[in-house]
Q: 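To start, I am sharing the structure in question, which I have written as structure tokens.
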Amino acid sequence: MSNSRPRPRRGAGSGARAAGRDELVSRSLQSAEHCMRTQDFGTAYAHYLLVLSLAPELKDDVKETFQYTLFRWAEELDALSRTQDLLGCYEQALELFPDDEVICNSMGEHLFRMGFRDEAAGYFHKAVKLNPDFSDAKENFYRVANWLVERWHFIMLNDTKRNTIYNAAIQKAVCLGSKSVLDIGAGTGILSMFAKRAGAHSVYACELSQTMYELACDVVAANKMEAGIKLLHMKSLEIEVPKHIPERVSLVVTETVDAGLFGEGIVESLIHAWEHLLLQPKTKGENGNCGKYGKVIPASAVIFGMAVECAEIRRHHRVGIKDIAGICLPTNVKFQSPTYSSVDTEETVEPYTTEKMSRIPGGYLALTECFEIMTVDFNNIQELKSLATRKPDKIGVPVIKEGILDAIVVWFVLQLDDEHSLCTSPSEESCWEQAVYPVHDLADYWIKPGDHVMMEVSCQDCYLRVQSISVFSSEYEMDVGQSSTKNKDLLSLGNEADLCSALANLQTSKPDAVEQTCVLESTEIALLNNIPYHEAFKMAMRKVLSSLTPEKLCQAVDAHCQDSEMSCGSGQNDSEQSASEPFYVLDVSEGFSVLPIIAGTLGQVKPYSSVEKDQHRITLDLISEANHFPKETLEFWLRHVEDESAVLQRPKSDKLWSIIILDVIEPSGLIQQEIMEKAAISRCLLQSGGKIFPQYVLMFGLLVESQTLVEENAVQGTARTLGLNIAPFINQFQVPIRAFLDLSSLPCIPLSKPVELLRLDLMTPYLNTSNREVKVHICKSGQVTAIPFWYHMHLDDEIRLDTSSEVSHWKQAAVVLDNPIQVEMGEELVLHVQHHKSNVSITVKH
């Protein structure tokens with residue numbers, strides 16, 4: 001009888017549940033649509049989540065509306081700084097639409113704005129893989145590709161000499177018995193594959209970067225070595241035996257060295273490796289199978305240095321002028337670059353910059369012979385441990401040529417074993433840059449033969465530090481920076497009594513006022529040193545203000561110019577103009593800018609600065625004060641703006657701007673993001689006759705043949721990597737535009753004259769074209785590999801700034817072609833130039 005129950009009852013129950021579900025889905029959809037109409041995006045988003053969880057079959061129908069709701073709700077959460085809720089919404093959305101390139105791209109944009117650049121780049125890359133034609137994602141990806149796979153990976157993988165020497169040293173060690181290998185900081189896995197190919201039985205490789213780890217997995221598999229190489233996505237400091245690797249290894253290979261040798265943490269990682277991951281080292285005189293002992297490649301390093309004169313380093317790290325377009329820089333304001341400020345800060349800041357000295361614009365002059373700074377034995381754990389704790393070494397180096405002391409340049413010889421070595425010297429053709437320690441705080445930078453350059457060197461916080469740089473003069477006068485060198489350290493250089501007397505008579509300056517330190521990026525210091533830039537803006541602003549009401553400018557300008565020599569700037573002559581309504585000038589250029597102060601000298605002007613950092617505001621106030629500006633003349637615009645994302649607003653509810661200064665070009669040589677959108681808003685905020693600066697920008701370019709750019713942009717086949725198949729995988733991360741170039745020193749052969757490629761008009765938008773074809777006349781036969789470009793920024797029709805000039809703080813950029821194009825003299829090549837948002841693409845039309 002039990003089997004005679006009518007089965008449909010069960011079906012009826014499930015049918016009723018289905019009907020209930022359908023009713024709930026329908027009501028939720030209606031509620032979501034109602035919330036959308038009332039702009040209650042948070043509640044609408046919750047309703048759509050419920051709909052999609054109950055009825056996944058509706059995904060395609062509601063996808064676009066769901067995306068719109070998500071993006072609007074995310075904007076609200078972002079404005080409220082509800083970061084966790086925002087990220088949670090995107091994670092939920094990506095669970096529902098894991099292959100949606102638009103959501104991936106939007107998630108990346110939010111992460112990038114929050115400062116999570118690696119994670120953002122990953123989402124952009126995923127969006128491009130999902131839809132290679134999605135231009136927004138491509139542009140975002142190109143901008144952050146450097147954080148995913150840093151450009152030096154391409155350069156190093158193309159360095160055949162470096163690859164050959166590492167391969168030979170690893171092969172030798174494996175042949176001598178080191179059959180178990182750990183590769184620390186594996187990157188693409190090239191050193192691991194060298195070890196496996198040499199016959200190592202067990203190879204382990206660790207890589208912290210998610211992107212590089214995944215890339216290495218693909219590369220190892222493509223080279224059919226996945227069975228013999230175990231890849232670990234972790235820091236070497238986290239590896240435990242036997243949890244991650246079964247036993248201690250006999251060989252560690254690594255190239256976790258930067259231009260300053262220690263900056264990628266090689267000392268800390270090798271101390272940990274010797275304590276936890278390597279077999280004990282072989283003692284002197286001990287024989288036997290190398291497989292029983294531990295060793296490291298590289299075995300040791302010798303660090304060298306040289307004092308140099310270099311105008312390019314100087315203009316990026318020292319403010320060398322006292323007057324900028326009539327504005328006096330007070331003596332109690334001290335500008336420093338980040339490399340110098342790292343001496344005094346508790347933060348771990350890289351105490352050097354890096355340069356390819358063989359390609360630095362204007363070159364350099366060696367003022368001393370090269371000298372040895374330090375040696376380090378990577379196979380001696382006691383020596384590695386003592387590096388961070390030992391007292392700084394004092395070094396004195398004789399001067400061999402007279403000149404201006406601008407920097408200490410540092411490089412090293414990496415001794416892989418007793419037979420194989422790599423040198424990173426400026427005179428070597430290699431993939432390496434050199435570490436540059438700019439010299440600051442000397443009363444006189446001029447040195448001559450007979451003088452000695454003094455310094456202290458140490459390895460602190462995992463960085464090589466070269467500091468307390470001073471000059472011991474042949475006349476027994478010492479010019480000392482912040483930390484004076486003690487007399488006992490100099491006794492080897494001359495008569496003890498004379499030296500002590502010199503030290504006792506050191507002259508120290510006592511500033512009249514409290515000293516304000518202002519840390520500026522190197523590009524900001526180069527901008528301050530750019531006199532033509534400030535003079536051009538002053539002239540252009542004066543012309544605009546004169547045209548608005550010529551009588552208001554009257555004698556104030558002339559009075560300022562005449563008095564500035566005596567009073568270091570006379571500020572405004574507002575006794576004559578106090579009754580007048582001022583001109584409003586807004587400077588929204590990026591970073592530190594004195595343009596608002598310059599504007600303040602041009603009559604009855606109310607200038608606003610948009611600097612964000614407190615120390616920059618204090619510095620601008622001190623400069624205003626030193627130039628006798630009335631209090632409150634200069635104001636900081638962000639204090640008047642409730643929403644910092646909406647900087648472009650009226651100065652007052654009933655007022656408009658006379659001049660708005662925009663940053664159009666990034667220091668990298670690329671166009672600023674959203675600049676045309678900012679220009680459109682700015683045009684609505686200008687009074688009649690007011691101007692945006694620059695008014696328009698012309699982009700110029702030329703065709704070149706440059707093997708250097710080709711090699712810095714993509715790995716060139718398998719020959720460079722000694723037969724290993726790496727290029728197709730890492731080249732997924734190549735970008736079509738190479739930024740931060742110095743065109744004046746780029747190794748290249750020009751194949752055409754410069755041509756105008758594009759016009760960006762900020763004042764007259766109808767003159768802009770998003771697509772343009774440009775004919776280029778070939779003046780020399782060769783292979784076109786790249787199209788470098790730069791800009792002429794027109795403040796008006798007569799006054800322009802050239803971003804490729806030798807005093808420019810801007811770098812240049814170049815489009816690198818996927819495939820070289822052979823051209824003959826006399827031919828014409830047609831370029832297709834496209835401008836989309838802030839990105840420019842240049843392709844050759846065949």
Q: For S427 and S425, test the side chains for any donor-to-acceptor distance below 3.5 angstrom and give the result as yes or no.
A: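 There is such a pair (donor and acceptor under 3.5 Å, judged by atom type) between the side chains of S427 and S425.
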
Q: Taking side chain as C-beta onward, heavy atoms only, is E207 less than 4.5 Å from L231?
A: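 Result no, sub-4.5 Å side-chain heavy-atom pair not found.
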
Q: Show me the pairs that pass ring-ring contact (aromatic ring centres under 6.0 Å, His included) and involve residues 165-184, at least two apart or across chains.
A: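 Matches after skipping sequence neighbours: none remain.
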
Q: Test: side chain to side chain donor-acceptor pair (under 3.5 Å). Region: residues 182-194. Which pairs qualify, not counting sequence neighbours?
A: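 The answer is D183-S192.
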
Q: Do R197 and N167 have side-chain heavy atoms sitting under 4.5 Å apart?
A: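 R197 reaches N167 side chain to side chain.
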
Q: Under 4.5 Å between any side-chain heavy atoms of R314 and E309, yes or no?
A: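 Answer yes - side chains close enough.
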
Q: Sequence neighbours left out, what passes salt bridge (charged side-chain N to carboxylate O under 4.0 Å, His left out) with E666? Give chain and number order.
A: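 If we apply the salt bridge (charged side-chain N to carboxylate O under 4.0 Å, His left out) test to E666, skipping adjacent residues, the hits are R143.
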
Q: Return a table of donor-acceptor pairs under 3.5 angstrom between the side chains of residues 779-790 and protein atoms on other chains or two or more places apart.
A:
unit_1 : atom_1 : unit_2 : atom_2 : d
S781   : OG     : E824   : OE1    : 3.2
S781   : OG     : M825   : N      : 2.9
T785   : OG1    : S706   : N      : 2.7
T785   : OG1    : S706   : O      : 3.3

Q: List the residues meeting ring-ring contact (aromatic ring centres under 6.0 Å, His included) with F700, not counting sequence neighbours, and say none if there are none.
A: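 If we apply the ring-ring contact (aromatic ring centres under 6.0 Å, His included) test to F700, skipping adjacent residues, the hits are H792.
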
Q: Output the distance between atom NE2 (H809) and atom CD1 (I525), rounded to the nearest 0.5 Å.
A: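 Going from NE2 on H809 over to CD1 on I525, the span is 13.0 Å.
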
Q: Return the OG1 to CG distance between T256 and L270, rounded to the nearest 0.5 Å.
A: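 These two atoms lie 6.5 Å from each other.
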
Q: What pairs with Y437 under ring-ring contact (aromatic ring centres under 6.0 Å, His included), at least two apart in sequence or on another chain?
A: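 If we apply the ring-ring contact (aromatic ring centres under 6.0 Å, His included) test to Y437, skipping adjacent residues, the hits are Y352.
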
Q: Using residues 175-182 as the side-chain source, report each donor-acceptor pair under 3.5 Å to any protein atom, sequence neighbours left out, with the distance given to one decimal.
A:
unit_1 : atom_1 : unit_2 : atom_2 : d
K179   : NZ     : V174   : O      : 3.3
S180   : OG     : S250   : N      : 2.9
S180   : OG     : S250   : OG     : 3.3

Q: Would you check if D258 and E350 make a side-chain contact, meaning some heavy-atom pair closer than 4.5 Å?
A: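 Result yes, sub-4.5 Å side-chain heavy-atom pair found.
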
Q: So, E101 versus N131: side-chain donor-acceptor pair below 3.5 Å or not?
A: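 Note: E101 and N131 side chains meet the donor-acceptor criterion.
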
Q: Indicate the ring-plane relationship of W411 and F304, choosing parallel, tilted or perpendicular according to the 30° and 60° boundaries.
A: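 Plane angle under 30°, so parallel.
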
Q: When you compare the side chain of V252 with that of L277, does any pair of heavy atoms fall below 4.5 Å?
A: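 Sidechains of V252 and L277: no contact.
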
Q: D218: what forms a salt bridge (charged side-chain N to carboxylate O under 4.0 Å, His left out) with it, not counting sequence neighbours?
A: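 Per chain and number, D218 pairs via salt bridge (charged side-chain N to carboxylate O under 4.0 Å, His left out) with no residue.
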
Q: Could you tell me the separation between the CE atom of M699 and the NE2 atom of H835, rounded to the nearest 0.5 Å?
A: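 Interatomic distance, M699 CE to H835 NE2, rounded to 0.5 Å: 9.0 Å.
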
Q: Scan side-chain atoms only and decide if S804 and D802 contain a donor-acceptor pair under the 3.5 Å cut-off.
A: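 Distance-only check passes for S804 and D802.
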
Q: Does any pair with a residue in residues 356-365 pass side chain to side chain donor-acceptor pair (under 3.5 Å), and if so which ones, sequence neighbours excluded?
A: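 Side chain to side chain donor-acceptor pair (under 3.5 Å) check on residues 356-365 returns R359-E712.
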
Q: Show me the pairs that pass side chain to side chain donor-acceptor pair (under 3.5 Å) and involve residues 221-239, at least two apart or across chains.
A: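 Qualifying pairs: Q210-H233.
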
Q: Do H317 and S337 meet the criterion of a side-chain donor-acceptor pair at a distance under 3.5 Å?
A: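 A donor-acceptor contact under 3.5 Å links the two side chains.
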
Q: Tell me, please, which residues at least two apart from H125 pass ring-ring contact (aromatic ring centres under 6.0 Å, His included).
A: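 Applying ring-ring contact (aromatic ring centres under 6.0 Å, His included) to H125 gives F141, F733.
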
Q: Considering residues at least two apart in sequence or located in another chain, which fulfil the ring-ring contact (aromatic ring centres under 6.0 Å, His included) criterion with F194?
A: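 Per chain and number, F194 pairs via ring-ring contact (aromatic ring centres under 6.0 Å, His included) with no residue.
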
Q: Is L414 close to L261 at the side-chain level, that is, under 4.5 Å between some pair of heavy atoms?
A: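 Yes, side chains in contact.
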
